[in-house]
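Keep in mind that the numbers below use all heavy atoms, side chains included, and drop hydrogens, waters and symmetry copies.
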Amino acid sequence: MPAKAPKVVAIASQKGGSGKTTLAVHIATQAAQKGYESCVIDTDPQATAAAWSDWRGDFLPVVVTSPPARLGRTIASAQKNGVDFVVIDTPPHADAAAREAIKAANLVLIPTKPRAFDLAALEPVADLISFAKKPAYVVLNAVPSGATVLTKDAKKAAKEMDLDICPVTLGDRAAFHRSSAKGETASESEPDGKAAKEIEKLWKWLSKQLKG
């Protein structure tokens, strides 16, 4: 009997520094903690997720690198090896990579900081999403504490591009950066911290979307 197709989440953004890799490794690690055989497929030539995996050692999630053109085969290979949850990390400034990731995904997350230059970079991804007709959500990331107006304006800008917005926002938390540098996640390095709680909320929301 063939293995069941894995759940596939693509992390896409045309802006560098939007937090794609941090989001990818946190979601994949959360999946592993919830009992999934999880995997990050790193399609970024900079291979930041792969470097995080090297620092992490022999713990889930597995991180594999793949050129965008081989993404379908890489997912199929992961499935044969028992992987049932895949997160695709994509490079910035690369329509082809984002297109392949979106095509392969059950759901797309688009991280962005709530600032004008970052929000402007949503437009090309919005076009790819519209063409692919995949469920996709903007995740506001690195949101400064108390930035209510900034957050409201960012949500409005995303809605004007016909993009849905994830109800969970991620704050500008040092725990995300500190944990990544050690090959960990915020929930591992600071399990009672705000960053860990935000990721837990994001996971609960994401799980519901993937079941729908």
Check: [Y] main-chain N/O paired with [X] side-chain donor or acceptor under 3.5 Å:
{"X": "Thr29", "Y": "Val25", "answer": "yes"}
{"X": "Asp84", "Y": "Pro6", "answer": "no"}
{"X": "Asn141", "Y": "Ser18", "answer": "yes"}
{"X": "Asp42", "Y": "Ala50", "answer": "yes"}
{"X": "Ser179", "Y": "Phe176", "answer": "yes"}
{"X": "Lys113", "Y": "Ala142", "answer": "no"}
{"X": "His26", "Y": "Ile199", "answer": "no"}

Out of curiosity, [X] [atom1] to [Y] [atom2], how far, rounded to the nearest 0.5 Å?
{"X": "Gln30", "Y": "Ser187", "atom1": "CD", "atom2": "OG", "result": "5.0 Å"}
{"X": "Ile75", "Y": "Arg70", "atom1": "CD1", "atom2": "CZ", "result": "12.5 Å"}
{"X": "Ile11", "Y": "Thr22", "atom1": "CD1", "atom2": "OG1", "result": "10.5 Å"}
{"X": "Lys20", "Y": "Thr112", "atom1": "NZ", "atom2": "OG1", "result": "10.0 Å"}
{"X": "Gln209", "Y": "Leu107", "atom1": "CD", "atom2": "CG", "result": "7.0 Å"}

Report yes if the side chains of [X] and [Y] come closer than 4.5 Å at any heavy-atom pair, otherwise no.
{"X": "Arg115", "Y": "Pro144", "value": "yes"}
{"X": "Asn106", "Y": "Leu210", "value": "yes"}
{"X": "Pro92", "Y": "Asp44", "value": "yes"}
{"X": "Ile41", "Y": "Val87", "value": "no"}
{"X": "His177", "Y": "Asp172", "value": "yes"}
{"X": "Lys155", "Y": "Leu140", "value": "yes"}

Which heavy-atom pair separates [X] from [Y] by the least distance, and what is that distance?
{"X": "Ile27", "Y": "Leu206", "result": "CG2-CD2, 3.7 Å"}
{"X": "Lys15", "Y": "Ala121", "result": "CB-CB, 3.7 Å"}
{"X": "Cys39", "Y": "Val83", "result": "CB-CG1, 3.6 Å"}
{"X": "Thr43", "Y": "Pro91", "result": "OG1-CD, 3.4 Å"}
{"X": "Ser189", "Y": "Lys182", "result": "CB-NZ, 4.3 Å"}
{"X": "Gln14", "Y": "Pro124", "result": "CG-CG, 3.9 Å"}

According to a 4.5 Å side-chain heavy-atom criterion applied to Ile, Leu, Val, Met, Phe, Trp and Tyr, with indirect links allowed, do [X] and [Y] form part of one hydrophobic cluster?
{"X": "Met161", "Y": "Leu150", "answer": "no"}
{"X": "Leu163", "Y": "Val139", "answer": "no"}
{"X": "Leu128", "Y": "Leu119", "answer": "yes"}

Residues that Glu123 engages under salt bridge (charged side-chain N to carboxylate O under 4.0 Å, His left out), provided they are two or more places apart: none
Lys/Arg-Asp/Glu bridge criterion (N-O < 4.0 Å) met for Lys197, Glu190: no
Ion pair Arg173/Glu198, N-O distance below 4.0 Å: yes
Those residues that, when tested against Ala136, pass side chain to side chain contact (heavy atoms under 4.5 Å, CB included) (two or more places apart): Val108, Ile110, Ile129
Test side chain to side chain contact (heavy atoms under 4.5 Å, CB included) applied to Ala32 - qualifying residues, sequence neighbours left out: Ser38, Leu60
Pairs where residues 56-87 contributes a residue and the test ring-ring contact (aromatic ring centres under 6.0 Å, His included) is met, not counting sequence neighbours: Tyr36-Phe85, Phe85-Trp203
Side chain to side chain donor-acceptor pair (under 3.5 Å) contacts in which one or both residues fall within residues 45-66, not counting sequence neighbours: Arg56-Glu188, Ser66-Thr74
Salt bridge (charged side-chain N to carboxylate O under 4.0 Å, His left out) contacts in which one or both residues fall within residues 89-104, not counting sequence neighbours: Glu100-Lys103
Worked check of side-chain contact (heavy atoms from CB on, under 4.5 Å) between Leu170 and Leu23: CA-CA 10 Å; Leu170 303 179; Leu23 187 59; 3.9 Å; yes
Trace of the side-chain contact (heavy atoms from CB on, under 4.5 Å) decision for Val9 with Leu109: CA-CA 7 Å; Val9 176; Leu109 296 179; 4.1 Å; yes
Residue pair Val8, Ile88: steps toward the side-chain contact (heavy atoms from CB on, under 4.5 Å) verdict: CA-CA 7 Å; Val8 180; Ile88 306 169; 3.6 Å; yes
